[in-house]
Amino acid sequence: MTRPIRADIDLTAIRHNLLVSKNKAPNAKAYAVIKADAYGHGALQVARALEDNADGFALLRLEDALALKEAGIRRPLVLLEGAFDYEELAAMAEHGIAGAFHSPYQLDWLDRLPAGLRVKGWLKINSGMNRLGFRPEVLLDILNRLKAHPALRLSAIMTHFATADDPRGIGRQWPAFAKAAADSGLPVCAANSAALFRYPETHGTFVRPGVCLYGCSPFEGQTGSELGLKPAMTLSADIIAVQNLDSGESVGYGCGFTADKPTRLGVVACGYADGYPRVAPNGTPVTVDGAPSSLVGRVSMDMLTVDLSHLPQAGIGSRVELWGPHVPLETVARHAGTISYELMCAVAPRVPRAWQDN
Ligand SMILES: *Cc1c(COP(=O)(O)O)cnc(C)c1O
C-alpha cells in the first residue's frame, strides 16, 4: 500500500510542445531548458523524450549535465550560469559541456586551463535584467580578450529578458542586445518561451524554450492550451476520508472554512509538503472523478479538503485532480498568487512520479 498521490508526466505532450515551439521559430535551433529537474518533470526522462527533436539542452548544474552524458544523452549541453568554480570549468572543457560566461572571475579561470583543453563559451550580455552578464559597453574589450584565447571557443552571445511575458515587452532590452550581437558576429541566443511566442525578431540562432515545453503559458491571463500547448503534469490524489458538516461547523486549521449549510467534504491525500501551495484559498478549482469542484478550508501539510456537496457519488477513493488537463496549472497558480513555474518546480520528492510516453 502506498499513499494515494502521484504526479503523472506525459512525455508525448512535452514532445508535442517542443514541436509547437519549433514551429514558432522554424529557423532557429531549440535548446530545451531542463533546469530544476526539467521544472519538476524529470530531466533525464524529458531529455530522452526530446532527444530526437531538441538541438540541445540547457541546464543549471554541472552534475546534472554529467549525469545526462553518463546516461547516454548525446545532444549538446549548455550550463545557463556557466561554471561556479575553476574545477567545474575544467570538467566542462573535459566533457565538452558549454557554459555561459557572465562575470570577469569566470574569464580569469580560462588562463588556468591546461594547454590543449578548450571550453565552449556562451557570452552572456546584461541587456537590462541586471542579474548576470557583461554590459554591452564592455563587449568589444571582452571580445578582444576572448576571441584569441586558446582555451575558449565562443559559440554564442546570449541575453535574458525581464519582461518578455508582460505588456512592457522587450523594447527596453532588445535594441542594445541586438547591436551587441551584430557587433560580435556570434550566433545569437535570446528567446525564452515568452519571446519565442511573441517576438520573432529575437529568435536568432538558438531559442531557449522552458515553461512552454511543460504545457504552460508564460503570459498572464492566458493558458498553455490557448497557445496550442498540452499540459504535461497531472498532480492527483485520492479522497481518504469524508466529513459531513452541519451549518456553522468548520474544517481544518484556523477554521479556514465554515459551512453556511450542510456540507459534505472530501479529505484529500495531498498537502503543502507535497508541493500544493498552502496559500491556495477557498474556491481554488479541482476536479473529483472528473467533475468540477473546489478547495475548502486551509491546506495542511499532508491533507487538503474539497467540497463534495454537489457530488453525492464521490467518496473514499475518488480521484482528485489538483492540476492537469482539467485544472490548468496556471489557474491554480493565479489563485495562489504565484506562477505555474513555481508550482511545477515545487512538487516534492515524496510524490511518486510516473512517466507515460505513447
Ligand atoms: C529558465 C531560463 C529560460 C527558460 O525560460 P522560460 O520562461 O521557462 O521559457 C531561458 N533562459 C534562461 C537564461 C533561463 O534561466
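No experiment lies behind these values; they were computed from the predicted model shown. All heavy atoms count here, side chains included; hydrogens, waters and symmetry mates do not. Each ligand, and each atom within it, is numbered from 1 in the order the structure gives.
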Could you list the donor-acceptor pairs under 3.5 angstrom formed by side chains in residues 322-337, with sequence neighbours left out?
from, atom 1, to, atom 2, distance (Å)
His326, ND1, Glu321, OE1, 2.9
Glu330, OE2, Ser217, N, 2.9
Glu330, OE2, Gly224, N, 2.7
His335, ND1, Thr331, O, 3.0

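Other residues, nucleotides and ligands place more than 12 heavy atoms under 6.0 Å from the CD atom of Gln313. Environment of CD in Glu226: crowded, with over 12 heavy atoms of neighbouring residues, nucleotides or ligands closer than 6.0 Å. For Arg278, the CZ atom is loosely surrounded, since the number of other residues' heavy atoms within 6.0 Å does not exceed 12.
Checked for salt-bridge contact, Arg145 and Asp141 miss the test: no charged N lies under 4.0 Å from a carboxylate O.
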Output block, N or O contacts of ligand 1, threshold 3.5 Å exclusive:
from, atom 1, to, atom 2, distance (Å)
ligand 1, 7 (O), Tyr341, OH, 2.7
ligand 1, 8 (O), Tyr39, OH, 2.6
ligand 1, 8 (O), Val211, N, 2.7
ligand 1, 9 (O), Ser193, N, 2.8
ligand 1, 9 (O), Ser193, OG, 2.5
ligand 1, 9 (O), Gly210, N, 3.0
ligand 1, 11 (N), His160, ND1, 3.4
ligand 1, 11 (N), Arg208, NE, 2.7
ligand 1, 11 (N), Arg208, NH2, 3.3
ligand 1, 15 (O), Lys35, NZ, 2.6

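In this structure, Leu44 is a member of the same hydrophobic cluster as Val351, with clusters built from ILVMFWY side-chain heavy atoms closer than 4.5 Å.
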